[in-house]
Amino acid sequence: MAILVLSLVVPTVTGLNASATLQADVYSLIPDFFAYIVTFIFLGILWISHQNMFSHIEKVDLRTQWVNLILLLSVGLAPFSIALLGRYPLQLVAVFVYGLNALAISILFDILWFYPRVRHLTHEEPNPEIIAKRSKIVLVGPIAYTLAIIFSFLAPEISLGLYAFVTVFYIIFGGRYFD
């Protein structure tokens with residue numbers, strides 16, 4: 001996550017009006033700073049969730065490894081899709097690409113949540129009420145991202161609101177039932 005900062009390029013300014021040019025160049029980087037912060041938070045949530053999820057898995061089979069690998073591939077695209085959205089926040093393509101990337105990540109996370117339980121690869125499970133709450137929480141992402149993708153064609157502002165909602169939701173509720 002630390003190498004994300006490399007996407008922030010320090011402007012090179014020369015000439016007589018260097019101070020004003022530098023100020024304008026730094027100001028033009030605001031979308032890049034925003035994308036950096038959002039990406040860092042997004043990846044931080046994913047990392048925490050991934051760590052918590054795997055703390056419950058006792059054995060890992062080949063399918064789990066492949067799903068995890070494809071999840072990491074999708075996570076690797078997150079800096080691009082978030083930077084694209086940060087630079088072009090109301091453009092259909094940017095809103096759509098971000099939504100597809102987030103949907104892929106959330107579906108793969110859900111597979112990693114459900115599959116090991118079905119295959120009995122986890123430690124002894126806590127009570128069924130906790131499992132039911134966890135199962136509901138992990139479904140919020142795919143549902144909200146699917147709606148956001150649909151709204152990207154109609155009202156990108158609603159998509160952005162849904163993307164923000166999912167992030168805040170997982171910050172508040174995501175780790176609550178995964179410790």
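Here, residue 1 is the first one in the sequence, and each next residue gets the next number.
Note on Trp113 and Leu72: separate hydrophobic clusters, where clusters join Ile, Leu, Val, Met, Phe, Trp and Tyr whose side-chain heavy atoms are under 4.5 Å apart, directly or indirectly. Using a 4.5 Å cut-off between side-chain heavy atoms of Ile, Leu, Val, Met, Phe, Trp and Tyr, with links allowed through other members, Leu85 and Leu154 fall into the same hydrophobic cluster. Clustering ILVMFWY residues whenever any of their side-chain heavy atoms sit less than 4.5 angstrom apart, transitively, puts Ile172 in the very cluster that holds Ile137. Grouping the Ile, Leu, Val, Met, Phe, Trp and Tyr side chains by contacts below 4.5 angstrom, directly or via other members, places Leu92 apart from Val97. Under the 4.5 Å side-chain heavy-atom criterion for grouping Ile, Leu, Val, Met, Phe, Trp and Tyr, Ile150 is not connected to Val93 through any hydrophobic cluster.
For the residue pair Thr122 and Glu58, the shortest heavy atom distance occurs at O-OE1, 3.6 Å. Pro79 and Leu43 get closest at one heavy-atom pair: CG-CD1, 4.3 Å. Minimum heavy-atom separation, His56 to Arg117: CB-NH2, 3.7 Å. Closest of all the heavy-atom pairs between Asn68 and His50 is OD1-NE2, 2.6 Å. Between Pro116 and Leu112 the shortest heavy-atom distance is CD-O, 3.1 Å. When all heavy atoms of Gly141 and Ser106 are compared, the pair lying nearest together is C-OG, 3.8 Å.
Atom-to-atom distance recorded for Phe109:CZ and Leu71:CG is 5.0 Å, nearest 0.5 angstrom. The distance from the CD1 atom of Ile45 to the CZ atom of Phe169 is 11.5 Å, given to the nearest 0.5 Å. Note: Ile82 CD1 to Leu77 CG = 11.0 Å, rounded to the nearest 0.5 Å. Rounding to the nearest 0.5 Å gives a distance of 10.5 Å between CG of Leu69 and CG of Leu108. For the atom pair NZ (Lys136) and CG (Leu139), the distance works out to 10.0 Å, reported to the nearest 0.5 Å. Remark: Tyr163 OH to Leu147 CG distance equals 10.5 Å, nearest 0.5 Å.
Here ring-ring contact (aromatic ring centres under 6.0 Å, His included) pairs that include residues 66-92, with residues two or more places apart or in two chains, number zero. Applying the salt bridge (charged side-chain N to carboxylate O under 4.0 Å, His left out) definition to pairs two or more places apart or across chains, those involving residues 61-89 are Asp32-Arg87.
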- Can you list the steps and then say if Thr64 with Tyr115 is a side chain to side chain contact (heavy atoms under 4.5 Å, CB included)? CA-CA 8 Å; Thr64 304; Tyr115 176 76; 3.3 Å; yes
- Apply the test side chain to side chain contact (heavy atoms under 4.5 Å, CB included) to residues Leu162 and Val166: give CA-CA distance (whole Å), side-chain angles for both, the deciding distance (0.1 Å), then the verdict. CA-CA 6 Å; Leu162 286 167; Val166 173; 5.6 Å; no
- Task: Could you walk me through whether Ile48 and Tyr170 pass the side chain to side chain contact (heavy atoms under 4.5 Å, CB included) test, one step at a time?
- Result: CA-CA 11 Å; Ile48 290 167; Tyr170 282 126; over 6 Å; no
- Message: Using the rule given for side chain to side chain contact (heavy atoms under 4.5 Å, CB included), can you reason through Trp47 versus Val75, listing the C-alpha separation, both sets of side-chain angles and the distance that settles it, and then say yes or no?
- Response: CA-CA 10 Å; Trp47 183 79; Val75 169; over 6 Å; no
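Surrounding CD1 of Ile30 are more than 12 heavy atoms belonging to other residues, nucleotides or ligands, all under 6.0 Å away. The 12-atom threshold is exceeded at CD of Gln51, counting heavy atoms of other residues, nucleotides or ligands nearer than 6.0 Å.
A search for ring-ring contact (aromatic ring centres under 6.0 Å, His included) contacts involving Phe96 returns Phe153, not counting sequence neighbours. Legend: residues meeting ring-ring contact (aromatic ring centres under 6.0 Å, His included) with Phe33, ordered by chain and number and at least two apart, are absent. Remark: Asp25 pairs with no residue by the side chain to side chain donor-acceptor pair (under 3.5 Å) rule, at least two apart or across chains. In this structure Ser81 satisfies the side chain to side chain donor-acceptor pair (under 3.5 Å) test together with Asn101, sequence neighbours excluded.
Put simply, the side chain of Val95 does not reach to within 4.5 Å of the side chain of Leu90, judged on heavy atoms.
Ile107 pairs in a side-chain contact (heavy atoms from CB on, under 4.5 Å) with only one of the listed residues (Ile105, Ile111, Asp110), which is Ile111.
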